[in-house]
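Once you've had a glance at the structure underneath, I'll fire off some questions.
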Amino acid sequence: QMQLVESGGGLVQAGGSLRLSCTASGRTFSIYHMGWFRQAPGKDREFVSSISARAFDTYVADSVKGRFTISRDNAKNTVYLQMNSLKPEDTAVYYCAANPQTGMTANDWDYWGRGTQVTVSS
């Protein structure tokens with residue numbers, strides 16, 4: 001099993017920034033793709049961004065392209081999501097996920113954190 005713990009969520013005004021972190025334990029972090037998803041009330045969990053095991057490849061949803069950046073530090077077993085120019089529509093619970101391969105849907109990912117709330121006020 002892999003345990004994932006997110007942190008860094010909170011309340012921010014529109015236009016502001018937050019950096020989410022996700023620290024992993026229990027498995028060899030450096031061989032897993034890592035991803036971020038989000039889920040707003042009443043909506044499905046949606047893909048935000050992912051990064052390959054060695055950080056050679058990143059993928060970003062169109063809705064956050066140019067504003068969000070994913071990165072990872074394999075020495076710290078941690079993946080990050082830098083979120084800039086936040087909008088009220090970015091309000092959601094953000095989840096960290098891990099999997100041997102990447103994927104664009106939640107069903108593609110094996111391991112999940114419990115999530116961290118991000119609220120963007122207008």
Side-chain angles (χ1 to χ4, degrees):
Q1 289 290 335
M2 176 181 267
Q3 290 76 45
L4 303 173
V5 179
E6 303 96 336
S7 61
L11 173 64
V12 63
Q13 288 187 334
S17 298
L18 284 173
R19 188 176 82 153
L20 305 183
S21 300
C22 171
T23 301
S25 61
R27 294 275 183 170
T28 304
F29 178 78
S30 61
I31 66 172
Y32 280 81
H33 292 251
M34 299 299 297
W36 287 97
F37 285 74
R38 67 185 183 185
Q39 189 166 18
K43 294 188 176 181
D44 292 336
R45 193 167 297 189
E46 66 171 354
F47 173 83
V48 175
S49 188
S50 69
I51 187 167
S52 60
R54 297 287 189 94
F56 292 152
D57 299 302
T58 61
Y59 303 90
V60 183
D62 288 342
S63 58
V64 303
K65 194 166 292 182
R67 299 188 297 122
F68 291 11
T69 303
I70 192 170
S71 61
R72 66 189 293 162
D73 185 340
N74 285 350
K76 295 182 178 180
N77 289 358
T78 300
V79 61
Y80 305 97
L81 185 68
Q82 178 66 44
M83 306 186 295
N84 298 329
S85 302
L86 283 161
K87 304 175 181 179
E89 51 263 44
D90 294 320
T91 295
V93 178
Y94 283 70
Y95 296 90
C96 175
N99 200 63
Q101 297 177 342
T102 194
M104 296 298 181
T105 67
N107 288 339
D108 295 328
W109 296 77
D110 286 343
Y111 300 107
W112 292 89
R114 293 191 173 187
T116 185
Q117 176 70 47
V118 172
T119 303
V120 184
S121 63
S122 57

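Everything numeric in this text was worked out from a predicted model, so none of it was measured.
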Exercise. Does Asn99 reach the main-chain N or O of Asp108 with its side chain, forming a donor-acceptor pair under 3.5 Å?
Worked result: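 It does hold such a pair.
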For this session: Please check if Ile31 and Met34 belong to a single hydrophobic cluster, counting links between Ile, Leu, Val, Met, Phe, Trp and Tyr side chain heavy atoms closer than 4.5 Å.
Result: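 Result: yes, single cluster for both.
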Problem set entry | Test item: Gln39 side-chain N/O and Ala92 main-chain N/O as donor-acceptor pair under 3.5 Å |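 Not a single qualifying donor-acceptor pair exists.
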Problem set entry | Option passing side-chain contact (heavy atoms from CB on, under 4.5 Å) with Thr116 (candidates Leu81, Val93, Leu18, Leu20) | Leu20
Problem set entry | Value rounded to 0.5 Å, distance of OH in Tyr80 from CZ in Arg19 |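 Spacing of OH (Tyr80) from CZ (Arg19) equals 5.0 Å.
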For this session: If the plane angle is over 60° it's perpendicular, under 30° parallel, otherwise tilted; pick one for Trp109 and Phe37.
Result: perpendicular
Problem set entry | Any donor-acceptor N/O pair, Arg72 side chain to Ser52 backbone, under 3.5 Å |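 Pair found, side chain donor or acceptor close to backbone of Ser52.
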For residues 55-65, dump all side-chain donor-acceptor pairs below 3.5 Å to protein atoms at least two apart in sequence or in another chain.
| unit_1 | atom_1 | unit_2 | atom_2 | d |
| --- | --- | --- | --- | --- |
| Asp62 | OD1 | Lys65 | NZ | 3.1 |

For this session: Could you pull out the closest heavy-atom pair between Ala98 and Met2, with the gap in Å?
Result: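 Smallest heavy-atom distance, with atoms named: CB-SD, 3.3 Å.
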Problem set entry | Reported CZ-to-CD distance for the pair Arg114 and Gln3, which is rounded to 0.5 angstrom |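 Going from the CZ atom of Arg114 to the CD atom of Gln3 covers 10.5 Å.
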Exercise. Does Tyr95 have Arg45 sitting over its ring (NZ/CZ under 6.0 Å from centre, angle to axis within 45°)?
Worked result: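 Ring-cation test returns yes.
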Exercise. What is the minimum heavy-atom distance between Ser17 and Ser85, and which atoms define it?
Worked result: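 Taking every non-hydrogen atom into account, OG-N, 4.3 Å.
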Exercise. How many angstroms lie between CD1 in Ile51 and CZ in Arg54, if you round to the nearest 0.5 Å?
Worked result: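 Output value for this atom pair is 12.5 Å.
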Seminar exercise, completed: Between Pro88 and Ser122, the two heavy atoms sitting closest are CG-CB, 3.8 Å
Seminar exercise, completed: Scanning both residues in full, the closest heavy-atom pair of Cys22 with Leu4 reads SG-CB, 3.9 Å
Exercise. Is a side-chain donor-acceptor pair under 3.5 Å present for Thr23 with Thr78?
Worked result: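 The criterion, which ignores hydrogens and geometry beyond distance, is satisfied for Thr23 and Thr78.
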Exercise. Can you tell if the side chain of Trp112 reaches within under 4.5 Å of the side chain of Cys96, non-hydrogen atoms only?
Worked result: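 SC-SC contact between Trp112 and Cys96 ruled out.
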Exercise. Quick one: do Phe68 and Ile70 end up in the same hydrophobic cluster if we chain Ile, Leu, Val, Met, Phe, Trp and Tyr together by side-chain heavy atoms under 4.5 Å apart?
Worked result: yes
For this session: Check for a donor-acceptor pair, side chain of Glu46 on one end and backbone N or O of Arg38 on the other, with a separation under 3.5 Å.
Result: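 Judged by distance alone, no pair lies under 3.5 Å.
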Exercise. Under 3.5 Å, is there a donor-acceptor pair between the side chain of Thr91 and the main chain of Val120?
Worked result: yes
For this session: Taking atom CD of Gln101 as the centre, report whether more than 12 heavy atoms of other residues, nucleotides or ligands fall under 6.0 Å from it.
Result: no
Exercise. Do Val79 and Trp36 have side chains that get closer than 4.5 Å, going by heavy atoms?
Worked result: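 Result yes, sub-4.5 Å side-chain heavy-atom pair found.
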Exercise. Nearest heavy-atom pair of Val118 and Met83: which atoms, and what distance?
Worked result: CG2-CE, 3.9 Å
Exercise. So, for Asn74 and Asn77, which heavy atoms are closest and what is the spacing to 0.1 Å?
Worked result: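 What the structure gives for the nearest pair is O-OD1, 3.2 Å.
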